[in-house]
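None of these values were measured; they are calculated from a predicted model.
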Amino acid sequence: MATKSRGQWASNIGFILAAAGSAVGLGNIWKFPGKVGAGGGGAFMLVYFCIVFIMGFTVMLAEFAVGRHTRQNAVGAYRSIDRRWGFVGILGVLAGFIVLSYYSVVGGWVMKYVWVYLTGGNLGGDAGAFYQQFVSNPVEPLIWHVAFLAITVLIVIQGVSHGIERVSKILMPGLFVLLIVLMVRSVTLPNAKAGLEFLLKPDFSTLTPEILLTALGQAFFSLSLGMGVMCTYGSYLNRRENLVKNTLTICCLDTLVAFISAFAIIPPVFAANGSVGQGGSFAFTALPGVFDAMPAGKLFGALFYVLLFFAALTSGISILEGTVAYAVEELHMGRKKAAVIAAALMVAIGSLYSLSQGALPLKGFWYTLKTGWSFPPLGQSLELLTDNLLIPLGSLCSCIVVGWIWGSKHAVSEIRSTENGSPLYRFSMAPLWSALIRYVAPAAIIAIFLIGFSGYISF
Ligand code: TRP
């Protein structure tokens with residue numbers, strides 16, 4: 001039996017830290033504050049909050065239930081619910097593969113910044129130019145990329161409870177403390193008032209349908225949904241643990257970290273008279289200038305990038321774990337071999353992503369109804385592929401499989417930890433959750449697709 005040789009979380013707190021470690025990543029600390037900036041501040045945060053606790057909570061609970069019920073990797077899990085739906089797991093593994101290929105490139109950039117700050121190096125006064133020069137170098141970012149992946153592989157090879165759990169137990173609380181220190185420093189800066197007002201006085205006049213949808217996409221990415229990662233983590237979880245409480249805790253932690261990072265990043269950007277929300281490279285281009293303008297800026301800069309590295313690492317581990325669990329259980333590979341082969345392929349894809357940042361004019365392709373075919377840089381089209389297509393599609397499929405194929409009744413019985421017909425937990429929200437997983441969540445995801453592919457509204 002496959003179940004016998006499978007790892008299990010040594011403790012429930014280990015599981016929570018690992019799952020929260022997966023959720024908290026570059027998405028929270030680097031992407032979220034930028035989206036808050038672009039989306040109008042406090043109003044965006046309120047909308048995001050509602051979406052996490054209505055939609056994100058619903059889908060995450062479904063993924064945990066499938067994983068724990070089937071006790072298998074994502075592919076085996078969906079297949080054992082219905083043969084024809086095994087592709088949902090494959091889709092997830094594929095999405096994870098692509099996400100980690102580029103996620104580890106960005107993780108490598110973070111390592112470079114850690115290195116620069118820790119060695120007392122200089123960003124040359126103009127961080128934007130420094131960043132551009134660095135990512136346009138054909139060789140150096142690749143070295144950092146490989147270094148990031150190598151660390152990820154080493155941890156994953158050690159196995160679930162020994163590797164991931166032990167590392168998460170140390171990294172997550174450390175991350176949390178560092179972020180709070182950073183936030184306290186930020187909100188007490190002399191000119192923090194404008195940023196604080198932006199965050200604390202919601203202005204709903206700036207809310208548009210597209211901002212709502214941006215918030216939805218950001219929430220799913222940030223909660224690590226749609227790729228079978230949470231399904232895989234759930235499969236290592238003890239039957240008697242309370243899934244609802246765990247899901248709620250993870251959603252709370254992830255959102256708390258995102259909000260704290262918004263408070264850590266936005267006030268200093270305002271204080272330095274910077275503009276918020278410069279998109280993807282914001283954390284690399286604008287922030288160093290902000291640190292320079294701070295007392296003890298070098299120290300805070302170093303702390304920030306170390307923290308971002310931890311966050312990226314625990315997320316990277318979770319994605320690789322999804323792939324490795326699949327290769328071990330479905331393709332019968334050794335754990336070590338699976339991790340190394342997966343990483344080697346990721347180096348190949350990641351290198352293309354990295355080179356397309358400036359060293360080589362590599363192009364990908366994308367399609368929207370409004371603009372037809374377009375040929376954005378390869379890096380950008382890889383992100384579009386995962387964020388706008390594979391992750392929402394994976395989440396939609398998991399709603400359908402859980403809500404309709406497996407049936408929310410069976411899922412509810414798993415969530416209640418039913419043994420011999422008697423449930424361990426009440427889960428009194430069950431009817432509400434069933435409606436959300438069957439109707440509300442799928443409808444909202446389909447809306448993202450329509451808007452994303454129409455191209456009339458940009459994310
Ligand atoms: N949630 C992580 C972040 O915010 C990234 C991540 C890890 C992820 N695992 C995932 C995203 C699975 C989607 C699916 O950075």
Test item: Asn246 side-chain N/O and Ile16 main-chain N/O as donor-acceptor pair under 3.5 Å
no

Are Trp366 and Phe375 near enough that their ring centres are under 6.0 Å apart?
no

Rounded to the nearest 0.5 angstrom, the CG-SG distance for Leu390 and Cys397 is 10.5 Å

Spatial distance of atom CD1 (Ile180) from atom CD1 (Ile260) [nearest 0.5 Å]
4.5 Å

Ring centres under 6.0 angstrom apart (Phe87, Trp85)
yes

Whether Tyr233 and Trp9 hold their rings parallel, tilted or perpendicular, with breakpoints at 30° and 60°
perpendicular

For Lys336, does the NZ atom have more than 12 heavy-atom neighbours from other residues, nucleotides or ligands under 6.0 Å away?
no

Establish, yes or no, whether a centroid distance under 6.0 Å links the rings of Tyr48 and Phe53.
no

Distance flag, aromatic centroids of Phe130 and Tyr113, threshold under 6.0 Å:
yes

Can you say whether the rings of Tyr102 and Tyr353 are parallel (under 30°), tilted (30 to 60°) or perpendicular (over 60°)?
parallel

Is the Lys NZ or Arg CZ of Lys35 less than 6.0 Å from the centre of Phe44's six-membered ring, within 45° of the axis?
no

Below 4.0 angstrom, N of the basic side chain to O of the carboxylate: do Arg335 and Glu321 qualify?
yes

Measure the shortest side-chain to side-chain distance between Phe263 and Leu196 over non-hydrogen atoms and say whether it is less than 4.5 angstrom.
yes

Less than 6.0 angstrom separating the ring centers of Tyr117 and Tyr305, yes or no?
yes

Report yes if the distance between the aromatic ring centroids of Phe32 and Phe259 is under 6.0 Å, otherwise no.
yes

